[in-house]
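Input: a single structure, listed below in structure tokens.
The analysis underlying the following values was restricted to heavy atoms, covering all of them including side chains, and did not include hydrogens, waters or symmetry mates. Here is how names work: the chains are called A, B, and so on, in the same order as the sequence lines, proteins then strands, and each is numbered from 1.
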Amino acid sequence: MSELRHPIGTFDVLTPDSRRWETLVGVFARVVEGAGYGLVLTPTFEDLSVFQRVGASTDIVRKEMYDFEDKGGRRIALRPEMTASVVRAYIQHRPTTPWKAWYVGSNFRYESPQAGRYREFHQVGIEAFGAVDADLDVEVIALGWEFYRALGLRRIQLLVNSLGDATCRPPYRALLLEYLEGRRDDLCDEHRERFADNPLRILDCKRPTCHAVAAEAPKQVEHLCDGCATHFARTTGGLDSLGIPWTLATDLVRGLDYYTRTTFEYAGLALQSAQNAVGGGGRYDGLVEEMGGPATPGIGFALGVERILMACDAEGTLPSPPATVDVFVVDFAGGSAARDLTAQLRSAGIRADRAFDGRSPKAQFKSADRSGARLALVVGPDEEAAGTVVVRPMAGDRQQRPVERHRVVAEVSRLLAP
RNA sequence: GUGGCCGUAGCUCAGUUGGUUAGAGCGCCAGGUUGUGGCCCUGGAGGUCGGGGGUUCAAGUCCCCUCGGUCACCCCA
């Protein structure tokens, strides 16, 4: 066993597994680009303050951040999530709204790993800025739903909640605090001291004591202001209209502070592990302004690639067939034919591979077999002298025949054509 | 950060109450087939038994520490 290993909580993805990643990202791009979202690339690290603004009271920012001082004395953090970066980019560049962006990339959280939880993990996601319309909430939620469907996932549950806004959240918060104050003795040790920081978090606590308290707590959805109530009704009505089943989750709070109104989560019901959230998101109408930009509403989601792949495994979808080529050149006449033919074939857009180091014909055919190539091109001393190439189908009748060297590319193209 | 389980070949795993040169299957390489893959046969390469320390005449096996993996708590994608 080598001394050099990947760091704790990280992993390598080799072929054929990596092909699933390519497929997943490709499917995601197709789905969201088909709805007008454009790829946005942002740095993997940002000034620490970018993230501190989005979650000062959350574990993600308080204890799990990979932050450090760079050689210039700047406080830097590897991104623990992507929304903050995209918002920062929006503020910096001020694209015209509505601005609809999608992304894919790594995120970093300093946690101890377990099933579906890593220190470097990957997300695909979208963000849409500049519209308060509930139909945008519907669009965003539906695109995530559509993506899971496109991967072949069926056992996904959509959880939806509304957290209210600046009008109805403070009164609700006061109501909740008052209720919790009365039940203080029934809370778990951690939350008995901490519940005032973020009382909403109690609703998410899984300890039985808190759970019982939360179950009887007043619900935000039942205390929405008129604007939020209408927005929520239009959002859920839109989902109904599109035939997307959803479940009200009054205790759905999520890990970041910035959400307003709609929040949602996709749960992988086929997953047996403790972490079954395969994606989540929500509306963040106050975030752009909080981060120093013009008041701009926004909404988005982030989906966890590793967890989606776990769900695919659990549901038996999204296989990862090995990469293949079209043609394999077998050359035991010195190697110059293999060198030149593969180059010509590749120039013509034909996927071609070959063996190196002058291996035996038998070994080269073995490699040809493994390459998945439909055709083998064979050049031995006889063909080399005659200026021909033997074309051998690797399956079917395997009837091989010589072709003149200068006609090989055309002939291969013809044989490979559907 | 806390706890359970697990570390033997590239992979999946055997390895008896501690006892000689640590095994199997798969995979890989070569030969059988002086130029033809999959099947078959034969052979070969490949291991500091995760690492360190201890007990012992003797440790893959027992003890301690440590590193790593995995699962769970917590939190979340």
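To the nearest whole angstrom, the two C1' atoms, one in B:G51 and one in B:G68, are 10 Å apart. Using atom P as the reference point in both B:C57 and B:C41, the two lie 48 Å apart (nearest Å). For the C1' atoms, the distance linking B:G3 with B:U20 amounts to 42 Å, nearest Å. Atom name P, nucleotides B:G31 and B:U36: the rounded distance is 11 Å, in whole Å. B:A9 and B:G25: their C1' atoms are spaced 12 Å apart (whole Å). Going from the P atom of B:C49 to that of B:C62 covers 16 Å, rounded to whole Å. Comparing the P positions of B:U42 and B:U33 gives an interatomic distance of 15 Å, to the nearest angstrom. Rounded to a whole angstrom, the distance from the C1' atom of B:A14 to that of B:U8 is 10 Å.
No N or O donor and acceptor, one from the side chain of A:Glu265 and one from the base of B:A77, sit under 3.5 Å apart. You won't find any donor-acceptor pair under 3.5 Å spanning the side chain of A:Glu111 and the base of B:C74, going by distance alone. Below the 3.5 angstrom threshold, one finds a donor paired with an acceptor across the side chain of A:Arg117 and the base of B:C74.
In summary, the side chains of A:Glu383 and A:Thr388 do not present any donor paired with an acceptor at a separation below 3.5 Å, with no hydrogens or angles considered. Counting only N and O atoms by type, the side chains of A:Glu127 and A:Tyr37 include no donor and acceptor under 3.5 Å apart. When only modelled atom types and interatomic distance are considered, A:Ser371 and A:Asp353 share no side-chain donor-acceptor pair under 3.5 Å.
OP1 or OP2 of B:A72 lies within a sub-4.0 Å distance of a side-chain N or O belonging to A:Gln114.
Side-chain contact between A:Ser106 and A:Phe121: absent, with no pair of heavy atoms (C-beta onward) separated by less than 4.5 Å.
Proximity of the aromatic rings of A:Tyr266 and A:Phe264 is defined here by a centroid distance below 6.0 angstrom, and this criterion is met.
Counting non-hydrogen atoms under 4.0 angstrom, A:Ala277 reaches the backbone sugars and phosphates but no base. Using a 4.0 Å heavy-atom cutoff across all strands shown, A:Ile8 reaches sugar-phosphate atoms only and no base atom.
Under the rule for a side-chain contact (heavy atoms from CB on, under 4.5 Å), the partners of A:Ala338 that lie at least two apart in sequence or sit in another chain are A:Val329, A:Asp331, A:Arg354.
Under a cutoff of 6.0 Å and an axis angle of 45°, A:Arg119 and A:Tyr110 form a cation-pi pair.
A heavy-atom distance below 4.0 Å to RNA chain B is reached by none of the residues of residues 314-329 of chain A. Only at 4.0 angstrom or more do the heavy atoms of residues 11-19 of chain A sit from any atom of RNA chain B, so none qualifies. Across residues 141-148 of chain A, not one residue has a non-hydrogen atom less than 4.0 Å from an atom of RNA chain B.
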Discussion item. Using a 4.0 Å heavy-atom cut-off to protein, can you give one letter per nucleotide of nucleotides 29-36 of chain B, 5' to 3': B if the base is in contact, S if only the sugar-phosphate is, - if neither?
Written reply: SSBB--BB
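Nearest approach of A:Phe328 to A:Gln364, heavy atoms of both residues: CE2-O, 3.7 Å.
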Item to complete: Using a 3.5 Å limit on both pairing distances, list the dot-bracket string of RNA chain B from the 5' end; Watson-Crick and G-U wobble pairs count, crossing pairs take [ ], interstrand pairs take |.
Response: (((((((..((((.....[...)))).(((((.......))))).....(((((..]....))))))))))))....
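The side chain of A:Arg307 lies closest to B:C76 when the candidates are B:C76, B:G69, B:G1.
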